[in-house]
S.K.: 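Take this structure, written in structure tokens, and hold onto it; I'll ask about it next.
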Amino acid sequence: HGNANWNVNGIDVRISHFPQNSKYTYFIFEEPRLKELYLGPNPKEEKKIANQIRKKLEKKYGKDIVVLGTIGRFIKLQSEEYIKLICEVMKKYKNTIYLACGDGCIHVKDLVLKYGGEEVLSRWIFPGQVNPHIYGWVIDIWPDTFPLRQGKSLGEFLAKGKCFVRIHKEFVQKQGKNLVLNNELKYILKHLSNEEKHLFLRNPQLLAPIFDNQKDYKEFLELFITNKNIRSLGSKLQKLRFRCLFSKQYNKDSVESFMKLIQ
């Protein structure tokens with residue numbers, strides 16, 4: 001999984017559920033999106049626990065906090081260029097905190113101290129390994145790690161209707177601005193108010209804030225932090241998009257796309 005260089009005798013066809021940089025040819029298929037796997041086994045109870053965690057954070061850091069965060073292995077988090085950018089943003093916006101959920105190399109703390117100092121480090125929280133279906137409700141914005149990106153954990157987060165920003169140069173170069181399927185867009189527009197549609201039309205990147213450079217990534221992250229209306233709409237767009245992905249027709253088409261590859 002994700003290893004585009006693995007090669008042994010006997011491989012006839014390579015398939016993947018996401019685009020990869022490789023000297024080999026991959027056939028891409030869509031994976032079925034099962035609601036219970038992305039939202040969690042008991043969303044109502046998990047949200048209740050998340051609200052309790054959120055209240056504790058607000059009591060310590062203030063009710064106006066904006067919670068940044070990621071869930072995953074620290075090998076993806078311990079990127080010097082990523083930590084530097086996040087620290088620059090957190091220095092600028094004192095109401096931000098960062099939930100670094102997962103475990104691994106403690107080198108992350110050293111990088112935060114290097115680029116953010118003691119004050120920014122005091123707003124980084126390291127809860128260790130967590131239930132993503134609880135902490136996914138606590139985090140407001142997922143500034144995806146780079147150059148190593150998060151995988152399934154990001155999908156679990158977005159399914160809860162939350163904002164993200166991501167750098168994925170190859171994907172942007174290949175897809176351009178066409179990052180969303182027409183049937184998804186039709187479904188989403190159908191469930192937006194007129195005011196939300198106008199805001200969306202002025203900010204179409206909200207639906208897929210995926211960039212090929214750090215400058216645009218940082219600007220959009222700051223937009224999410226400072227503009228509650230943008231953040232609210234961005235969250236709703238992801239919620240509607242995944243509701244579409246959870247549909248029976250989407251999963252039927254995904255299974256059929258996979259079956260065609262192996263027949």
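Given the structure is predicted, the values throughout are model-derived calculations rather than measurements. For this chain, numbers begin at 1 and follow the sequence in order.
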S.K.: Residues in salt bridge (Lys or Arg N to Asp or Glu O under 4.0 Å) with R73, at least two apart?
M.R.: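 So R73 forms no salt bridge (Lys or Arg N to Asp or Glu O under 4.0 Å) with any residue.
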S.K.: For Q150 and T145, what are the C-alpha separation, side-chain angles and deciding distance, and is it a side-chain hydrogen bond (donor to acceptor under 3.5 Å, both in side chains)?
M.R.: CA-CA 6 Å; Q150 301 292 339; T145 51; 3.3 Å; yes
S.K.: Using 4.0 Å as the upper bound for N to carboxylate O, is an ion pair formed by D140 and R54?
M.R.: yes
S.K.: Taking the inter-plane angle between the rings of H191 and Y187 on a 0 to 90° scale, is it parallel (under 30°), tilted (30 to 60°) or perpendicular (over 60°)?
M.R.: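 Tilted: the ring planes of H191 and Y187 meet at 30° to 60°.
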S.K.: Taking all heavy atoms of P147 and all of S79, pick out the closest pair and write down the distance.
M.R.: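 That closest heavy-atom pairing would be CD-OG, 3.6 Å.
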S.K.: Compare all side-chain heavy atoms of I167 with those of N213 and state whether any distance is below 4.5 angstrom.
M.R.: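 A side-chain contact is absent here, since even the closest heavy-atom pair is not under 4.5 Å.
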S.K.: Do I83 and W124 touch side chain to side chain, with heavy atoms closer than 4.5 Å?
M.R.: yes
S.K.: Decide if the gap between the ring center of Y135 and the ring center of F157 is smaller than 6.0 angstrom.
M.R.: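 No - the distance between ring centres of Y135 and F157 does not fall below the 6.0 Å cut-off.
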S.K.: Could you report the tightest heavy-atom contact between L206 and G234, atom names first, then the distance?
M.R.: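 Closest pair (atom of L206, atom of G234, distance): CD2-CA, 4.2 Å.
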S.K.: Give a yes or no on whether the backbone of R231 and the side-chain of S235 come within a donor-acceptor separation of less than 3.5 Å.
M.R.: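 Flag set: sc S235 to bb R231 pair under 3.5 Å.
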S.K.: Starting at CD1 of I225, measure out to OG1 of T96 and round the result to the nearest 0.5 Å.
M.R.: 5.5 Å
S.K.: Give the intermediate values and the outcome of side-chain contact (heavy atoms from CB on, under 4.5 Å) for residues R202 and H198.
M.R.: CA-CA 6 Å; R202 292 198 300 271; H198 289 312; 4.0 Å; yes
S.K.: I want to check something: taking the side chain as every heavy atom from C-beta on, are F164 and P209 in contact at a cut-off of under 4.5 Å?
M.R.: yes
S.K.: For K47, I'd like to know if atom NZ has over 12 heavy atoms of other residues, nucleotides or ligands within 6.0 Å.
M.R.: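 No - once you tally the heavy atoms of other residues, nucleotides and ligands closer than 6.0 Å, there are 12 at most.
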S.K.: How many angstroms lie between CE in M90 and OH in Y98, if you round to the nearest 0.5 Å?
M.R.: 9.0 Å
S.K.: Does a side-chain heavy-atom distance below 4.5 Å link F224 with P143?
M.R.: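 Answer no - side chains too far apart.
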S.K.: Sort and list the pairs that fulfil salt bridge (Lys or Arg N to Asp or Glu O under 4.0 Å) and have at least one residue in residues 111-122, not counting sequence neighbours.
M.R.: E80-K114, K94-E119, E119-R123
S.K.: I'd like to check Y93 versus V89 (side-chain heavy atoms, cut-off strictly below 4.5 Å). Are they in contact?
M.R.: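 SC-SC contact between Y93 and V89 confirmed.
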S.K.: If you measure from the Lys or Arg side-chain nitrogens to the Asp or Glu carboxylate oxygens, is any gap between E156 and K152 under 4.0 Å?
M.R.: no
S.K.: With a 4.5 Å cut-off on side-chain heavy atoms, are L192 and L237 touching?
M.R.: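 Side-chain contact under 4.5 Å: yes.
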S.K.: So, for L221 and V165, which heavy atoms are closest and what is the spacing to 0.1 Å?
M.R.: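 Nearest pair, atom of L221 first, then V165: N-CG1, 4.0 Å.
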S.K.: Look at the side chain of N203 and the backbone N and O of L199, then say whether any donor-acceptor pair between them is shorter than 3.5 Å.
M.R.: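 Flag set: sc N203 to bb L199 pair under 3.5 Å.
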S.K.: Taking the side chain as everything from C-beta on, heavy atoms only, tell me whether P41 gets closer than 4.5 Å to H133.
M.R.: yes
S.K.: I'd like to know whether I139 forms a side-chain contact (heavy atoms from CB on, under 4.5 Å) with T70, so could you lay out the CA-CA distance, the side-chain angles of the two residues, the decisive distance to 0.1 Å, and finally the verdict.
M.R.: CA-CA 8 Å; I139 297 169; T70 51; over 6 Å; no
S.K.: Going from CG on L240 to CG on L189, what distance comes out if it is rounded to the nearest 0.5 angstrom?
M.R.: 9.5 Å
S.K.: How about NZ on K55, more than 12 heavy atoms from neighbouring residues, nucleotides or ligands closer than 6.0 Å, or not?
M.R.: no
S.K.: OG/S193 to CZ/F200 distance, rounded to the nearest 0.5 angstrom?
M.R.: 12.5 Å
S.K.: Roughly how far, to the nearest 0.5 Å, is NZ of K76 from CG of D144?
M.R.: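 The NZ atom of K76 is 8.5 Å from CG of D144, to the nearest 0.5 Å.
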S.K.: Got a sec, which residues hit salt bridge (Lys or Arg N to Asp or Glu O under 4.0 Å) with E196, two or more places apart in sequence or on another chain?
M.R.: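 With sequence neighbours excluded, E196 shows a salt bridge (Lys or Arg N to Asp or Glu O under 4.0 Å) to K236, given in chain and number order.
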S.K.: In chain order, what residues pass the salt bridge (Lys or Arg N to Asp or Glu O under 4.0 Å) check against K160, with sequence neighbours excluded?
M.R.: none
S.K.: Answer yes or no: is there a side-chain heavy-atom contact under 4.5 Å between K162 and W142?
M.R.: no
S.K.: Can you see which heavy atom on P132 is nearest to which on I71, and at what distance?
M.R.: CA-CD1, 3.9 Å
S.K.: I'd like to check the side-chain contact (heavy atoms from CB on, under 4.5 Å) partners of L57; sequence neighbours left out, ordered by chain and number.
M.R.: I53, Y61, I65, I97, L99, I125, V138
S.K.: Starting at CG of D103, measure out to CD of Q129 and round the result to the nearest 0.5 Å.
M.R.: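 These two atoms lie 4.0 Å from each other.
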S.K.: Checking K91 now: which residues fulfil salt bridge (Lys or Arg N to Asp or Glu O under 4.0 Å) with it, not counting sequence neighbours?
M.R.: none
S.K.: How about Y82 and F146: are their ring centroids closer than 6.0 Å?
M.R.: yes
